[in-house]
Amino acid sequence: MTTARISVLGLLAGASLLYGCASDNGAPSALASGSAAAAMETASAPAPATVDNFMLADQTLMGHELYRLADAKAIVIITQANGCPISRSLAPAVRELKAKYEAQGVEFLMLNSALQDSREAIAKEAEEFDFGVPVLLDSNQLVGEQLGVTRTGEFYVIDPKTWKVAYRGPLDDRFDYGTQKAKATHTWAADAIDAVIAGRPALAAAKPSPGCLIDFPERARRAQHAQISYAKDVAPILEAKCVSCHQPGSIGPFSMTSYEMVKGFSPMIREVIRTDRMPPWNADPHVGKFEDDKSLTKAEIKTLVHWIEAGAPRGDGPDPLAIAKHEAPEWPLGTPDLILDVPAYTIPASGVVDYQRPHIVNPLKEGKWIKASTFKVDQRQAVHHFLTGYLKEIPDGPAVESKWGSSVGGYAVGSESVLWPTNVGTYLPPGGAIGIQAHYTPFGKEVTDKSKLGIYFYKDNEKPGLVMRGAVVIDNTIVIPPGEARHKEVAYLEFPKEALLYSAFPHAHYRGYASDLWLHYPDGKKELILSLPRYDFNWQRDYVFEKPIPVPAGSRLVAHYWYDNSKRNPANPDPTKEVYWGDQSWEEMFFTNVRYRWVDETASNPVNYDELMNQTRMLGMLDDDLDGKLQKAELKGQIGQRLAANFERIDQNANGAIDREELAAVQKMFAPRRRDSQTAQQPAPAKPSGGR
């Protein structure tokens, strides 16, 4: 063992003299960060026989799930770290390999497990050296640990039919410490790809990869993982982040009521953590800070996964989960001041249920200010969402959204309660009715839903001084081509006056893949404020910013959505169809509800700025290149087609585009149906004329 250590460290010393040990920005390089213990891992971190599923975001914050590549002919993962000269010198060869095999159905990914590399630094390195493939951010090192990664420049060739590692080793024999041959004598990685495509076993490389060592601190502590305390380390994490859903009476499919229950589900817990399905919090940790953050920290993730991989030992101490006797409260915010029955509806066992639009007669004899609301959903499997809006008059028929005023609350899967900040509220007048948009989905048996809406009011002497409003970054002109895996759409909302932004609620349907939200300032500065690398239709929520974000007058909120209409999307109803905006889940939506307040508005001094915002809503929907005017190529959907048919008449200055003044002149004719200015005051996601 001593001889092996000297041999490896001697190679490192030679490499450091030839290449240096610092990255371009002065931070320690991957080479310099390798400790003696890490160096020994070269011989002691074998690759696994098979690769478990995982989901990681890349340097652009686009999510990648390994098992969604099951139809690939082969998958190649290349390890990378910033500042490593061998990793950098491989860039042209990686591009060549991708160009040769991509058309044959081979997928290429890079993996960065270096603790010292930030997302921004990785993105800069990837752009500068033009790797040509996504670089996955393995900041928790769980994927690198499982693959047995020790160095940069390791090529893993994976057979997606079995998820076995068919090959692990260098690209070829051109690169070594301090040397580089002009031409390869042995092309091991390419040979392995050919073998996997042909269904043959791949030959092993004659030497290990010569890349820079990557430090994996937990490997040195692997023996200690069995000492992780269930009582002191694991159970507190579960109580803080998981039990609220996984307890009797709540939404979780099993209850974490004891060590035995957790132990029994521990393999599943590891899988949903590695694939980022649980906890159901899709906001990327590299962007923004949020209230009520449900995500696990890096330390919590490592503690849980390493404990499970050590066999989930019971250890000493009492069982906190068994002692606490958790049970979901009937109303999570306490008993409401007003409980309203949603009209009962019987959902058939199968088929399609159109949106239902019942109403509840408002029993209030005097107006109240709402500070919170909660839906108590009776049939969770059948109810997809509830939206609400105040109606001045009790409707004779359906409570159509075009007549709605302020929202009284809302529900979507994973988001049940709305709680306003202190001194902020929404006014509910006396009389009239509360309109409801209900989306029910059959799930195999006939059931009758009897949900309830609970509302919490400010006390009579607690009238809030500030008014919360809401609006939607929306594009109902989206067209998603058949078979396309990453179709991108964009829309924006302009703020005519200064505001404070409190939250954002992104929403798409089965083909929604990723979403983000940017703030474009009037001076040209751009700030990413929310990123969902993998949107999950099954879990939707309001992301409330830890501190309200100032929005200067003239700013734009710009949303992007990516849609996966390919056969790789397991939820895709039909990858052969062109998809348009629609209410039902097999259709699509582009919808980000935002909550804000106007800086100079108070409860006693209301303003009409929402109406000013509405005047530019159509422009924000259609202006895909964000230049403030509409070219003919940007006009799609029903609205766009109507504008295109009259393009020459609308384009009064004949400059080949419809500018905002020209659009404003015709907007009354072509404006989509929308609510009045009060419609925007919504504490939960809502739609002008559609559903969730």
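Trp539 places a side-chain heavy atom less than 4.5 Å from the side chain of Ile251. Contact of the Pro363 side chain with the Leu338 side chain is registered, since non-hydrogen atoms from C-beta on lie closer than 4.5 Å. Side-chain contact between Asp341 and Lys450 is absent, with no heavy atoms from C-beta onward closer than 4.5 Å.
Listed here is the closest heavy atom pair of Glu393 and Ala433: O-CB, 4.5 Å.
Between Lys452 and Asp378 there is no salt bridge, since no side-chain N of the basic residue sits under 4.0 Å from a carboxylate O of the acidic one. A salt bridge links Asp624 to Lys636: one of the charged nitrogens lies within less than 4.0 Å of a carboxylate oxygen. Taking 4.0 Å as the cut-off between side-chain N and carboxylate O, Glu601 and Lys497 do not count as a salt-bridged pair. Classification of Glu327 and Lys325 as a salt-bridged pair fails, no side-chain N sitting under 4.0 Å from a carboxylate O. Between Arg511 and Asp564, none of the side-chain N atoms (NZ, or NE/NH1/NH2) sits under 4.0 Å from a carboxylate O, so this pair counts as no salt bridge.
In this structure a side-chain-to-backbone donor-acceptor pair under 3.5 Å is present from Tyr543 to Asn282. Under the 3.5 Å distance criterion, the side-chain polar atoms of Gln356 are matched with a main-chain donor or acceptor of Asp354. Checking side-chain atoms of Asp293 against main-chain N and O of Ser295 turns up a donor-acceptor pair under 3.5 Å. When atom types are taken as modelled, the side chain of Asp337 and the backbone of Phe457 share a donor-acceptor pair closer than 3.5 angstrom. The backbone N or O of Phe591 sits less than 3.5 Å from a side-chain atom of Tyr561, completing a donor-acceptor pair. One N or O on the side chain of Asn362 and one on the backbone of Pro429 form a donor-acceptor pair closer than 3.5 Å. In terms of modelled atom types and a separation under 3.5 Å, the side chain of Thr388 and the main chain of Gly409 share a donor-acceptor contact. Under the 3.5 Å distance criterion, the side-chain polar atoms of Glu588 are left unmatched by any main-chain donor or acceptor of Val479. The main-chain N or O of Gln638 is never found under 3.5 Å from a side-chain atom of Gln641 such that the two would form a donor-acceptor pair. No donor-acceptor pair under 3.5 Å is formed between the side chain of Thr616 and the backbone N or O of Leu619.
Relative ring orientation between Phe386 and Tyr411 is described as tilted, the plane-to-plane angle lying within the 30° to 60° band. Using bins of under 30°, 30° to 60° and over 60° for the plane-to-plane angle, the ring pair Tyr427/Trp369 lands in the tilted bin. In this structure, His385 and Tyr355 have perpendicular ring planes: the angle between them is above 60°, well past the 30° mark.
Residue Asn565 holds its CG atom at 9.0 Å from NE2 of His487, rounded to the nearest 0.5 Å. Atom CD1 of Ile529 is separated from atom CG of Leu557 by 5.5 Å, given to the nearest 0.5 angstrom. Taken to the nearest 0.5 Å, the NZ atom of Lys371 stands 7.0 Å off from the NZ atom of Lys459.
Phe495 has its ring centre less than 6.0 Å from the ring centre of Trp598. For Tyr502 and Tyr596, the distance between ring centers is not under 6.0 angstrom.
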**Study point:** Verdict with supporting geometry, Tyr563 and Glu489, side-chain hydrogen bond (donor to acceptor under 3.5 Å, both in side chains)
**Key:** CA-CA 8 Å; Tyr563 301 90; Glu489 295 277 358; over 6 Å; no
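With Tyr513 as the aromatic partner, Arg534 meets the cation-pi criteria of under 6.0 angstrom to the ring centre and within 45 degrees of the ring axis.
For the 3.5 Å distance criterion, the side chains of His439 and Gln437 fail to qualify, holding no donor opposite an acceptor.
Residue Asn461 places its CG atom among more than 12 non-hydrogen atoms of other residues, nucleotides or ligands, all under 6.0 Å distant.
Annotation: side chain to side chain contact (heavy atoms under 4.5 Å, CB included) contacts of Met256 (sequence neighbours excluded): Leu238, Cys242, Val243, His246, Phe254, Val262, Ile269, Leu321.
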